[in-house]
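Heads up: the structure comes next, in structure tokens.
Note on naming: letters A, B, ... go to the chains in the order of the sequence lines (proteins, then strands), and numbering restarts at 1 for each one. Given the structure is predicted, the values throughout are model-derived calculations rather than measurements.
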There are 2 protein chains.
Amino acid sequence: MNRSERLSGKLELRAQILKALAHPTRLLFVEELGKGERCVCELQGMVDLDMSTVSKHLSVLKGVGLVTDQKRGNQVFYTLQTPCILRIFDCVEQAVRANLQKQVEIFR
Amino acid sequence: MNRSERLSGKLELRAQILKALAHPTRLLFVEELGKGERCVCELQGMVDLDMSTVSKHLSVLKGVGLVTDQKRGNQVFYTLQTPCILRIFDCVEQAVRANLQKQVEIFR
DNA sequence: TGAATACTTGGCAATATTGCCATGTAGCAA
DNA sequence: TTGCTACATGGCAATATTGCCAAGTATTCA
């Protein structure tokens, strides 16, 4: 049983989900989608990025099943599929604060 | 206010934490450290990686404050600083299952 | 001392990620 | 039809990540 075999499965899948979340722009989109479905143009309006880049970020989230898309007219609306993801941020915030506290201690 | 300014701060910090977690090996280590402190050699015994690679993965976790290290004798013990991180996995698992369900539907 | 163990760090190559531009597709409106 | 809007995709360059090897430090033990 080699490394890739041992790491395949549960941990690989978890890492994929976390990697999909691990970008500021995608975190912003997930947070916004937590308030309700949004079209790509609405999400693009929140950032200073090319439409193609926004589209690719959304395809990353869609690729791991965190969001789904639905075309209505000539717009595409994205919906958050696992809203519990938003609760992750509570602990992440705690980690962030612990991190900042550590920095303070280092430079004291 | 450009993109980097708007994205700096909260979202950048959150993304850093999630990025530190977004690797199968580091997820394995975090899960193991959830059971208690472990020395580097114990963690290395769980994977098929060079000691230097294991050390670098741990330094990534340490860099964002998720773990701390303590030297005792000639061993270094790592401790999980934010055990609530383990609860993240509940929702990630839910996302994984939703993801797999989606795959099943696609290939049906 | 000297050697062995436990770990870290620097450097490098292979690979993955990110963002832009150019281009393509689908729906709507004239 | 033609043109316009809203997105998606391919390709590419810049950058980041990953893992190995080699070399370094610190501690223990003989």
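- Taking atom CD of residue Gln70(B) and atom P of nucleotide dT27(D), one finds them 14 Å apart after rounding to whole Å.
- Of the possible donor and acceptor atoms, none in the side chain of Arg26(B) sits under 3.5 Å from a partner among the backbone N and O of Ala15(A).
- OP1 or OP2 of dG19(C) has at least one side-chain nitrogen or oxygen of His23(A) nearer than 4.0 Å.
- Remark: C1' of dG19(C) and CZ of Phe29(A) are 13 Å apart, rounded to the nearest angstrom.
- In this structure, Val30(B) is not a member of the same hydrophobic cluster as Phe77(B), with clusters built from ILVMFWY side-chain heavy atoms closer than 4.5 Å.
- The side-chain contact (heavy atoms from CB on, under 4.5 Å) with Phe29(A) is formed by just one residue from the set Leu66(A), Val67(A), Val47(A); it is Val47(A).
- No side-chain N or O of Gln16(A) forms a donor-acceptor pair with one of Arg14(A) less than 3.5 Å apart.
- Classification of the His23(B)-His57(B) ring pair by plane angle, with boundaries at 30° and 60°, yields tilted.
- Between Arg72(A) and Arg26(A), it is Arg26(A) whose nearest contact on DNA chain C lies nearer the 5' terminus.
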Original post:
When you check every protein heavy atom under 4.0 Å of nucleotides 2-9 of chain D, what one-letter string (B, S, -) results, 5' to 3'?
Top reply: ---BSBBB

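- Rounding to whole angstrom units, CG of residue Leu18(B) and C1' of dT17(D) are separated by 16 Å.
- If you take CD of Gln16(B) and P of dT17(C), they are 18 Å apart, rounded to a whole angstrom.
- One hydrophobic cluster, built from ILVMFWY side chains closer than 4.5 Å, cannot hold both Val60(A) and Leu21(B); they sit in different ones.
- At whole-Å resolution of the value, CG in Asp48(B) and P in dT18(D) are 17 Å apart.
- dA16(C) atom P lies 12 Å from atom CD of Glu12(A), rounded to whole Å.
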